[in-house]
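Structure first, then comments.
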Amino acid sequence: MTKILKKTGLFLGLLFLLAVIGIGILVTCVSPNTFKPMITAQVLKHTGRELTIDGDISWTFFPSIGLKVGHMIFANPAEFKQKVFAEIDQATIGVKLLPLLHAKIESTGISLRGLK
C-alpha cells in the first residue's frame with residue numbers, strides 16, 4: 001500500500017513540476033504584447049472599425065489560464081458623430097485548462113471593468 005502512495009505522490013509531484021516549468025516557459029518566451037498588431041488588424045478587417053490597445057496584455061493563471069488586457073478603445077465608423085463606440089479600462093478572458101488537453105476550447109467568460 002505504501003508503494004502505491006509513494007508512486008502516486010511522485011507522479012503528482014512530477015505533474016506539478018511540469019506544469020510549473022511549462023508556465024515558466026510560456027511567460028518568459030511568449031509575450032502577449034507581440035499580438036497587439038495582429039489583434040488590431042483582425043478587428044479592422046472583420047468589423048471595419050479601429051481598435052486601439054493602449055494598455056499592456058498579460059497572462060493570467062488563476063483560476064484559469066487567460067489574458068488580461070489594459071485600456072482599449074473601439075472606434076465608431078467614420079459616419080458617426082461620436083468617434084468612440086466603447087472604451088474599456090480592463091478586460092480579462094480565460095479558458096478552462098482540462099478541455100485544452102482534449103483539443104477543445106471552453107471559455108470561463110469575459111470580465112470587463114470600466115466599460116464606457
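Note that the numbering runs from 1 along the sequence shown for the chain. Only heavy atoms go into these numbers, but all of them, side chains included; no hydrogens, no water, no symmetry mates. Just so we're clear, the structure is a prediction, and the values are computed from it rather than from any experiment.
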Inset, instruction - Check Val69 against Met72 and note the closest heavy-atom contact, atom names and distance. - result: CG1-SD, 3.5 Å

Inset, instruction - List the atom of Ser107, the atom of Ile93, and the distance in Å for their closest heavy-atom pair. - result: OG-CG1, 4.4 Å

Inset, instruction - Quick one: do Leu51 and Ile73 satisfy side chain to side chain contact (heavy atoms under 4.5 Å, CB included)? Show the steps, please. - result: CA-CA 6 Å; Leu51 175 69; Ile73 298 174; over 6 Å; no

Output a table of donor-acceptor pairs, distance under 3.5 Å, between side-chain atoms of residues 37-50 and any protein atom two or more places apart or on a different chain; print 'none' if there are none.
unit_1 : atom_1 : unit_2 : atom_2 : d
Thr40  : OG1    : Lys36  : O      : 3.1
Thr40  : OG1    : Pro37  : O      : 3.0
Gln42  : OE1    : His46  : NE2    : 3.1
Thr47  : OG1    : Val43  : O      : 2.5
Thr47  : OG1    : Arg49  : N      : 3.1

Legend entry - Interatomic distance, Leu97 atom CG to Phe61 atom CZ [nearest 0.5 angstrom]: 10.5 Å

Inset, instruction - Give a yes or no on whether the backbone of Gln82 and the side-chain of Asn76 come within a donor-acceptor separation of less than 3.5 Å. - result: yes

Inset, instruction - Kindly work out whether a path of hydrophobic side-chain contacts (I/L/V/M/F/W/Y, heavy atoms less than 4.5 Å apart) joins Leu115 to Val84. - result: no

Inset, instruction - Kindly give the heavy-atom pair with the smallest separation between Ala78 and Lys83, and that separation in Å. - result: O-NZ, 4.5 Å

Inset, instruction - Answer yes or no: are there more than 12 heavy-atom neighbours, outside Leu14 itself, under 6.0 Å from its atom CG? - result: yes

Legend entry - For Phe16, the rest of its hydrophobic cluster, which grows through side-chain links under 4.5 angstrom: Val20

Inset, instruction - Please write out which residues are connected to Ile21 in a hydrophobic cluster, directly or through intermediates, given that two of Ile, Leu, Val, Met, Phe, Trp, Tyr count as joined at side-chain heavy-atom separations below 4.5 angstrom. - result: Leu17, Ile25

Legend entry - Check: Thr108 side chain, Gly94 main-chain N or O, donor-acceptor pair, under 3.5 Å: yes

Inset, instruction - Write down the atom of Gly24, the atom of Thr28, and the distance for their closest heavy-atom approach. - result: O-OG1, 2.9 Å

Inset, instruction - Check the pair Leu67, Thr92 against side chain to side chain contact (heavy atoms under 4.5 Å, CB included), reporting the backbone distance first and the verdict last. - result: CA-CA 6 Å; Leu67 293 172; Thr92 305; over 6 Å; no

Inset, instruction - Would you confirm whether Trp59, through its side chain, and Val30, through its main-chain N or O, come within 3.5 Å as a donor-acceptor pair? - result: yes

Inset, instruction - Start with the C-alpha gap between Gln90 and Leu112, add the side-chain angles, then the distance that decides, and say whether side chain to side chain contact (heavy atoms under 4.5 Å, CB included) holds. - result: CA-CA 6 Å; Gln90 184 180 47; Leu112 302 175; over 6 Å; no

Inset, instruction - Evaluate the criterion side chain to side chain contact (heavy atoms under 4.5 Å, CB included) for residue pair Asn33 and Asp56; output intermediate values, then yes/no. - result: CA-CA 6 Å; Asn33 285 308; Asp56 284 336; 4.0 Å; yes

Legend entry - Cluster overlap Ile110 with Leu100, hydrophobic side-chain contacts below 4.5 Å: yes

Inset, instruction - Measure from the side-chain N and O atoms of Asp89 to the backbone N and O of His71, and report whether any donor-acceptor pair falls under 3.5 Å. - result: no

Legend entry - Heavy-atom closest contact (Val95 atom, Ser64 atom, distance): O-CB, 3.3 Å

Legend entry - Atom pair CD1 (Ile53) and CD1 (Ile88), whose distance is rounded to the nearest 0.5 Å: 10.0 Å

Legend entry - Phe85, CZ atom: more than 12 neighbouring heavy atoms under 6.0 Å: no

